[in-house]
Amino acid sequence: MTDVVTIKEVVQECYDTKTFRFDWDADARPGQFIMVWIPGTDEIPMSISGIDGMEKSITVKAIGEATRRLHEFKAGDRLRIRGPYGNGYDLSRGELLIIGGGVGTASIMPAVTASGADTIIAARTHNDVILDGVAAEHARNLWIATDDGSRGFHGNAVQLMRGKVAERHYDCVIACGPEVMLWFTYQACKELGIDCQLSLERYMKCGAGVCGCCVMDDSRVCRDGPVFDMEKLAKLTEFGKSNRDACGRTVKFR
Amino acid sequence: MVSLKTDIGSISLEKPGIVASGIMDETGPSMVRMIESGAGAVVTKSVGLEPNAGHANPCFTEVTGGYVNAMGLPNPGIELFREEMEVAVPKGRIVGSIYGAGPDDFSRLAGRMEDYGACAVELNLSCPHAKGYGMEVGTDPAMVKAIVSAVKSAVSIPVWAKLTPNTHILGDIGMAVQDAGGDAVVAINTLKAMVICPEIGKPLLSNKFGGLSGAAVKPVGVRAVYDLRTVLDIPIIGVGGIENWRDAAEYIMAGACAFQVGSAIGTVGTDVFARINEGLSAFMEEYGYSSIADMTGVAHD
């Protein structure tokens, strides 16, 4: 439900991304999200990037007006939030390989800390890698991939994933990142015969499964997702191809 | 044997529950999903002549007993909505909800919805948070009469008018619909409302005010339907805060021949229609009502 929380701590993760920690007495599962109101600008969905008992966090990349404004918030400032929303990841599906791409790494981090599973963090350059310190503490193995090769594996998340799947046995891949990365993760998992759970993103207004703005085919990303498994992804004809704008018009990716 | 079949004028529905405009009705596949989960019909999201992004976020919040929203009628416009109707219409009864600034807008939109295969049109004369539309045109009986008359001349499918509770002349507006040849009234839309966040010291919604829906509005809706039944002869469809069979039964006994469910698709889930149908059948069986028509209006003397 709705709550006003006080920011306890702000951590600079990289040049354009900050984590905001606050106490919030709500049961939240890995993969769920909250709606965060930034008065005067907007209300936006944000993945919960940390769940440590009462303490929760969000990790925010400054990319638009609302997120830039949020970056000005300091410890002691208050946020009105509502949630938690969405279904979250199912961590009971055997041996997991968890992948975070870019700021999507925020969404998978509670799954990493809860499961201790092998983890890949992918980013454009070494400057864009986030939350690797938290992952290193909890994951059995942590591998980094960068597009320019400035840190770790030189290549993208899916290429590195294919390499790791060839070396070890995994039952299920959990991933969050840009939709193009998720699309190729899905294709790779299908080909390799591995289940997957991917966290998708769409334009949202209510977050609670009511307004319909985030609907893909017949599923509400906010309520039936944001995490979809292999079986459900197969039914989403819009996945990897198009999204909808604020008016509900289809916008093709390619 | 109990039957849930009901007639709204010339339209027959196998089940009396209808998806209210604005929830799970923006895309063709989501409308199909609701038909398959037990709804007798689906009213589309309100569609206008041009694409509309609606109000900026925040435009929704939970409150005690329901939701307050000010979506601002987001929709892709009537032209593009054809694609959604092509998917939904072959799978069930779809009622096209439309909004406009006056008789000409409504007539053009209604004609398109008829072309798309809608079994009826629902005129949004009641949205409380869209400037120049909805309740702003729906609280003037002369304007309501003009709009309904114009739409009746423009289409051959039934014309329903969705009314606002935000008026002291609800009966006059209902009469205006009936006098103009309207086929049914739908009551009620949301109650004009506001949420302020004390810690921030500002209204939450970007539009400042919005509409309250959910369980909290049910007694207002039941009263509105009861009042309208005393003055109208045309069918009434009840809507507002229905979450279970008891709520639906109240509206039917107040005088509704069918009902719509909106917020409960969020609070209860998409299986809310199946649950209501089951509960209503069991109740009717136990209390000796063989049809919805038998139960309609029994709360009146």
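Throughout, a chain's letter reflects where its sequence line sits, starting with A, and its residues are numbered from 1. Treat the numbers as computed from the prediction; the structure is a model and nothing was measured.
- For Val4(A), the part sitting under 4.5 Å from any heavy atom of chain B is the side chain, from C-beta outward, and nothing else.
- Only the side chain of Glu199(B) comes within less than 4.5 Å of a heavy atom of chain A; its backbone N, CA, C and O stay farther away.
- If you measure heavy-atom distances from Met216(A) to chain B, you find no contacts under 4.5 Å at all.
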**Asked** Taking it one step at a time, do Asn166(B) and Thr164(B) satisfy side chain to side chain donor-acceptor pair (under 3.5 Å)?
**Response** CA-CA 5 Å; Asn166(B) 301 304; Thr164(B) 177; 3.1 Å; yes
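- The aromatic rings of Tyr99(B) and Tyr133(B) lie perpendicular to each other, with more than 60° between the two planes, well past the 30° mark.
- Between chain B and the residues Met35(A), Met204(A), Arg223(A), the largest count of heavy-atom pairs under 4.5 Å involves Arg223(A).
- Looking at Arg78(A), the atoms closer than 4.5 Å to chain B (heavy atoms on both sides) sit in the backbone and in the side chain alike.
- Taking chain A as the reference chain and counting heavy-atom pairs below 4.5 Å, the highest number among Pro51(B), Pro58(B), Gly266(B), Ser30(B) is found for Pro58(B).
- The residue among Thr267(B), Leu204(B), Thr270(B) with the most heavy atom pairs within less than 4.5 Å of chain A is Leu204(B).
- Relative orientation of the Trp183(A) and Phe239(A) rings is perpendicular, given thresholds of 30° and 60° on the angle between their planes.
- For the pair Glu43(A) and Lys205(A), the salt-bridge criterion is not met [side-chain N within less than 4.0 Å of a carboxylate O].
- The six-membered or imidazole ring of Tyr85(A) lies near that of Phe33(A), with a centre-to-centre distance under 6.0 Å.
- Residue contact with chain B, scored on non-hydrogen atoms closer than 4.5 Å, is absent for Thr250(A).
- Remark: Glu243(B) does not engage Lys218(B) in a salt bridge, criterion side-chain N to carboxylate O under 4.0 Å.
- Proximity to chain B is absent for every atom of Asp245(A), based on heavy atoms less than 4.5 angstrom apart.
- Here Arg93(A) pairs with Asp195(A) in a salt bridge; the nearest charged N to carboxylate O distance falls below 4.0 Å.
- Using a 4.5 Å cut-off between heavy atoms, Phe81(B) does not touch chain A at all.
- With chain A as partner, the option from Glu83(B), Met71(B), Lys202(B) having the largest number of non-hydrogen pairs under 4.5 angstrom is Met71(B).
- Smallest separation of non-hydrogen atoms from Ala175(A) and Thr185(A): CB-CG2, 4.4 Å.
- When Ile200(B), Leu73(B), Ile265(B) are compared by the number of non-hydrogen pairs under 4.5 Å with chain A, Ile200(B) comes out ahead.
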